Amino acid sequence: MSSGGMLLDGERTSGQDIRTQNVTAAMAIANIVKSSLGPVGLDKMLVDEIGDVTITNDGATILSLLDIEHPAAKVLVELAQLQDKEVGDGTTSVVIVAAELLRRANELIKNNIHPTVVMAGYRLAVKEAVKYIKSNLIVNADTLGRENLINAAKTSMSSKIIGNESNYFAEIAVKAALKVKLEKDGKSKCPIGNIHILKSHGLSSLDSELVDGFALNCARASQAMPTKINGVKVALLDFNLQKHKLQMGVQIVVTDVKQVEEIRQREMDITKEKIQKILDSGANVILTTKGIDDLCLKYFVEVGAIAVRRVKKEDLQRIAKATGGKVIVTMSDMEGEEAFDSSALGECEEISEERVGDGELLYFRGCKSGIACTIVLRGANEYMLDEMDRSLHDSLCVIKRIIESNSLVAGGGAVETALNIYLLSVANTLGSKEQMAVAEFAEALLVIPRTLSVNAAQDATELVAQLRANHYTSQTVTGKENLRFMGLDLISGKVRDNIAAGVVEPAISKIKSLRFASEAAISILRIDDMIKLNPPKQN
């Protein structure tokens, strides 16, 4: 195909055609996740090419499992993953807002408004929206302390599989987050990587528990080892503990049969010396990511130590962090000798093997650094446990954001409606073409309360109208400022003060989702030409 004097082996789509294509693809993606938004959102079942089933309500998980080919749609998938990584929650709403912004921008462009003007208007609207959230809608999380954290966790869980038991799980999540919370240079940090989540079949979800310490999904390497040890010193190894073998390609010519036996004996002794050095350093629990053969197990059983093989590398690193130990990759020192330094040992008060569900778990309690805990989830089947894990992860991320930023906003569409009223008033003050883009941005935000109402089988038009009336009053009538926290009560289909009702979200979640959504919309709007090359012809 010839294009502007340039020969192209491919197709070129440009102007309004490519914009409409991109918007259609973005809307298709948003429509997939739309019905899963909110406390009464529905779940999706995804089956991959080999028949593995995933049942989930999490926007980022749904989109990452879809095999999407359209390049503009891929931008939205990456957007959901970015929100998941940065904030942890709000992945569905960010995709819905981005698609709505695109749809409205496309309508403006069809009405002969230049894309550059629309993009400038969107950028201005985001700037004003973030400024307004920070100055008017934020509440300090300290005012209610722990209760705020529990409310935020419950709000995050409300749309998930554990929504009905959110009181129980919110308590577990908040306890776990506060356990690993650190104060550094006057700032609070909450490293949720120190919270280990383990899944075990059987019992009901309410039998899930929070373990003080670290639980490891492995069993002792031999039944002859003790099930419990107090005053634990842990050696964390990342190498094989197996009978020493000669290197590949090494040949020994033996003239006497006795020498063969001596070579074998020496091979056994080399391993024995290695193990002896580890035990002499004071270690009574040995964890390795590789294997331990029967010969080596014998030495550990004789001294009454616990040895565990095939531990996951990330679990080993977490235990090292919790117990103050170091992962040892080799015992060789600079002189070529083998030695084991006792300073690399981790410490904890006790280790015990307990039966949970169908298997055994090893519990490390009273860890030296004290900043580790484990949530053991119980549930009927694999799908349920996976979804519980995802839900809990989202809630932990929300709690982390609130602890670190100390700021909350009301949930249930309150922020979006407040911004809608505010941005419309900002648009009316503009004397330039951007006025229409800012007004469309404001209208696009109402897609969140509208979708929430529709998913809850409520009258969206009436509820959104009531919300807007309340927020208009709060911004125009003095003395009525408290109405700015009005949001949706989706169970009874009314409007209420969501801060008082405990429906809260981290402010950073709203701010980042607005920024990410508009950036994604702008990056797709900038495209006015697509050239798709044909694959090379096979001879």
Side-chain angles (χ1 to χ4, degrees), residues 196 198-202 209 211-245 267-331 338 340-368 372 374 376:
H196 186 41
L198 267 186
K199 297 173 282 195
S200 179
H201 286 188
E209 57 169 347
V211 178
D212 180 13
F214 199 93
L216 188 63
N217 198 2
C218 295
R220 297 164 297 155
S222 162
Q223 292 302 310
M225 291 172 177
T227 53
K228 187 174 178 180
I229 292 180
N230 291 327
V232 177
K233 289 197 182 305
V234 194
L236 307 147
L237 314 177
D238 189 15
F239 54 81
N240 258 324
L241 285 178
Q242 286 172 343
K243 196 171 118 181
H244 186 81
K245 291 186 180 72
E267 280 178 349
M268 287 159 75
D269 288 348
I270 288 171
T271 311
K272 186 176 180 180
E273 285 163 17
K274 204 180 215 177
I275 290 170
Q276 204 52 54
K277 279 174 184 156
I278 296 171
L279 294 172
D280 287 346
S281 68
N284 51 11
V285 174
I286 292 87
L287 307 180
T288 177
T289 55
K290 306 281 195 314
I292 305 175
D293 66 6
D294 292 346
L295 177 76
C296 302
L297 281 181
K298 188 183 89 168
Y299 303 131
F300 291 128
V301 170
E302 281 169 1
V303 295
I306 292 181
V308 184
R309 54 188 163 198
R310 312 266 176 238
V311 179
K312 282 187 192 158
K313 188 87 175 268
E314 60 260 32
D315 286 349
L316 204 68
Q317 283 160 346
R318 277 179 173 156
I319 293 172
K321 205 171 178 184
T323 59
K326 265 198 225 118
V327 177
I328 303 293
V329 183
T330 176
M331 285 173 66
E338 288 199 329
F340 191 87
D341 188 3
S342 59
S343 65
L345 294 175
E347 289 176 33
C348 67
E349 282 168 24
E350 71 159 35
I351 179 174
S352 59
E353 185 182 276
E354 292 168 26
R355 188 164 184 81
V356 175
D358 301 335
E360 276 84 23
L361 296 184
L362 277 172
Y363 287 100
F364 292 78
R365 290 192 173 89
C367 294
K368 187 182 177 183
T374 303
V376 180

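Nothing here was measured: the structure is a model prediction, and the numbers come from that model.
- Each of Lys313, Arg309, Lys312 was compared with Asp238 under the salt bridge (Lys or Arg N to Asp or Glu O under 4.0 Å) criterion, and only Lys313 meets it.
- Note: Ser200 OG to Leu361 CG = 6.0 Å, rounded to the nearest 0.5 Å.
- Remark: of the listed residues Ile306, Ile351, Val308, Ile306 is the sole one forming a side-chain contact (heavy atoms from CB on, under 4.5 Å) with Arg220.
- Shown here for Ala320 and Val327, the closest heavy-atom pair between the two residues is CB-CG2, 4.1 Å.
- Screening Val311, Ile286, Ile319, Thr289 against Leu236 for a side-chain contact (heavy atoms from CB on, under 4.5 Å) leaves a single residue, Ile319.
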Using side chain to side chain contact (heavy atoms under 4.5 Å, CB included), reason through Val301 and Lys298 one step at a time and then give a plain yes or no. CA-CA 5 Å; Val301 170; Lys298 188 183 89 168; 5.9 Å; no
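- Side chain of Thr323 to main chain of Gly346: no donor-acceptor pair is present (N/O by atom type, distance under 3.5 Å, no hydrogens or angles).
- Of all the heavy atoms in Leu279 and Ala305, the pair that sits closest is CD2-CB, 4.4 Å.
- Between the SG atom of Cys218 and the CG atom of Leu287 there is a distance of 8.0 Å, given to the nearest 0.5 Å.
- In this structure, CG on Leu237 lies 8.0 Å from CG on Leu316, to the nearest 0.5 angstrom.
- Heavy atoms of other residues, nucleotides or ligands lying less than 6.0 angstrom from NZ of Lys272 number 12 at most.
- For Ala221 against Met225, the heavy-atom pair with the smallest separation is N-SD, 4.2 Å.
- Atom CG of residue Asp280 and atom CD1 of residue Ile275 lie 11.5 Å apart, to the nearest 0.5 angstrom.
- A salt bridge links Arg365 with Glu354: the distance from a Lys NZ or Arg NE/NH1/NH2 to an Asp or Glu carboxylate oxygen falls below 4.0 Å.
- Counting heavy-atom neighbours within 6.0 Å of Lys228 NZ, excluding the residue itself, gives a total of 12 or less.
- The two residues Gly291 and Arg310 have their closest heavy-atom pair at N-NH1, 3.2 Å.
- Scanning all heavy atoms of the two residues, the minimum distance from Ala307 to Leu297 falls at CB-CD2, 4.5 Å.
- Between Ile328 and Ala344, the shortest heavy-atom contact is CD1-CB, 3.5 Å.
- Interatomic distance, OH of Tyr299 versus CD1 of Ile292, reported as 13.5 Å (0.5 Å rounding).
- Judged by distance alone, with hydrogens and angles left aside, the side-chain atoms of Thr288 form a donor-acceptor pair with the main-chain N or O of Phe239 at under 3.5 Å.
- Counting heavy atoms of neighbouring residues, nucleotides and ligands inside a 6.0 Å radius, atom NZ of Lys277 exceeds 12 of them.
- Using a 30° and 60° split on the angle between ring planes, Phe214 and Phe364 fall in the perpendicular class, above 60°.
- At least one donor-acceptor pair under 3.5 Å links the side chain of Asn284 to the backbone N or O of Gly231.
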